[in-house]
Structures are given as C-alpha cells and as structure tokens.
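Beneath this line is the structure, given in structure tokens, with notes to follow.
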Amino acid sequence: MEALVPSEEAVSIRRRLAEANPAAYLPDLAMSLWAYGWVCVNVKANFVEALEATTEAITIYGPLAEQLPAVFAERLFAAYRTLADVLDGLGRTDEAAELRRQLDEATGGGTDPG
C-alpha cells in the first residue's frame, strides 16, 4: 500500500506538467497513470481508481502509438494488459478474458504489438 502514495504523487505532478506543456509531458502522464494502475493491481487495492487511471493512460497512449508506434505501441499494449488485470480485480472476469483474447490475437499470442 505504501507504493500507492508515490504513484499518486507522480500522477499529480505529471498532470500539472502536461497541462502546462502537453507535447512534452503527455507521455510522462500516461506512464504515471499506467504505473498507478499497475501498482494498484499488485497491492490489490483501489481497483476503481486503477480503472480510471489505466483507461486514461490508454486514451493518451492511443494517438501517441498511432503517431510513433515504435515508441508507444508496446506501452499501449502494456496498459491494456494492466486494464485486463484491473477488470479481474473488479470481478469483471469475462471482460478481462475477452480483452486478453483480443490482445493475444493482435500480437499473435505474444507480448510484442509489432
């Protein structure tokens, strides 16, 4: 649970930076949001907040991955994998299984989106 505090602080700091300079800091905000969701999964806490954070990370990573797939596609897929774990934590196991199936299909069963 101690890991949640620094993760929350990182999101807050990066959100302010991204508001001031989106081009420079949106990728960092997305990473912090994804990391917060990942930490929540690993400490098995705050799944509702993790869902919001991970979904926001995916929303940011989507356009970035379209523009620079070599840089952001893998991060987008990592965020989707975390989203599946969050859905499991919320008891939404059917949605989690379907998302994992789609990810496996998109990556040929591996973890590399390329």
Side-chain angles (χ1 to χ4, degrees):
M1 293 292 279
E2 288 180 27
L4 288 175
V5 174
S7 295
E8 290 169 344
E9 290 173 358
V11 168
S12 178
I13 291 166
R14 291 199 167 115
R15 188 176 302 284
R16 285 193 305 272
L17 290 169
E19 287 170 1
N21 188 345
Y25 293 105
L26 266 179
D28 292 337
L29 174 59
M31 170 108 29
S32 293
L33 289 162
W34 165 77
Y36 176 77
W38 183 87
V39 169
C40 289
V41 166
N42 282 282
V43 299
K44 297 179 179 22
N46 298 9
F47 285 108
V48 172
E49 292 89 347
L51 178 64
E52 293 172 11
T54 307
T55 301
E56 186 177 353
I58 289 167
T59 300
I60 295 168
Y61 275 140
L64 293 172
E66 286 180 20
Q67 294 168 4
L68 294 168
V71 177
F72 294 108
E74 192 169 327
R75 295 179 194 182
L76 176 61
F77 275 76
Y80 271 115
R81 286 191 295 274
T82 299
L83 177 59
D85 294 338
V86 170
L87 291 170
D88 275 334
L90 290 168
R92 295 164 59 177
T93 55
D94 289 346
E95 290 173 76
E98 175 60 18
L99 179 54
R100 286 189 184 98
R101 186 197 64 72
Q102 291 173 2
L103 291 172
D104 285 346
E105 187 177 293
T107 61
T111 57
D112 181 10

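All residue numbers refer to positions in the sequence shown, counting from 1.
- Taking the six-membered ring where tryptophan is involved, the planes of W38 and W34 are tilted, since the angle between them lies from 30° to 60°.
- By the rule that hydrophobic residues join a cluster once side-chain heavy atoms approach within less than 4.5 Å of another member, I60 and L17 end up as members of separate clusters.
- V5 shares a hydrophobic cluster with no other residue; no ILVMFWY side chain has heavy atoms under 4.5 Å from its own.
- Listed by chain and residue number, R101 satisfy the salt bridge (Lys or Arg N to Asp or Glu O under 4.0 Å) test with E98 (two or more places apart in sequence, or in another chain).
- Counting only heavy atoms from C-beta outward, the side chains of L26 and N21 never approach each other to under 4.5 Å.
- Here R100 pairs with D85, D88 under the salt bridge (Lys or Arg N to Asp or Glu O under 4.0 Å) rule; sequence neighbours left out.
- Contact record, P27 with P22: CD-O, 4.3 Å, taken as the closest heavy-atom pair.
- When the side chains of ILVMFWY residues are joined at heavy-atom separations under 4.5 Å, either directly or via intervening members, I58 and Y25 end up in two distinct hydrophobic clusters.
- Across every non-hydrogen atom of Y80 and L99, the tightest pair is O-CD2, 3.4 Å.
- Rounding to the nearest 0.5 Å places CG of L51 at 12.0 Å from OG1 of T82.
- Among all heavy-atom pairs drawn from A96 and A84, the shortest one is CB-O, 3.2 Å.
- Pairing each heavy atom of L76 with each of A65, the nearest pair is CD2-CB, 3.9 Å.
- Scanning both residues, A50 and Y36, for their nearest heavy atoms gives N-CE2, 4.1 Å.
- Sorted pairs that involve residues 19-44 and meet salt bridge (Lys or Arg N to Asp or Glu O under 4.0 Å), not counting sequence neighbours, are lacking altogether.
- Partners of E95 by salt bridge (Lys or Arg N to Asp or Glu O under 4.0 Å), not counting sequence neighbours, listed by chain and number: R92.
- Counting only residues at least two apart or on different chains, the side-chain hydrogen bond (donor to acceptor under 3.5 Å, both in side chains) pairs with a member in residues 50-69 are R15-E56.
- For the pair E8 and S12, the minimum side-chain heavy-atom distance is 4.5 Å or more.
- Smallest separation of non-hydrogen atoms from V11 and L29: O-CD1, 3.9 Å.
- E74 places none of its side-chain heavy atoms less than 4.5 Å from the side chain of F77.
- A continuous path of Ile, Leu, Val, Met, Phe, Trp and Tyr side chains, each step under 4.5 Å between heavy atoms, connects V39 with L90, placing both in one hydrophobic cluster.
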Step by step, work out the side chain to side chain contact (heavy atoms under 4.5 Å, CB included) result for L87 and D94. CA-CA 9 Å; L87 291 170; D94 289 346; over 6 Å; no
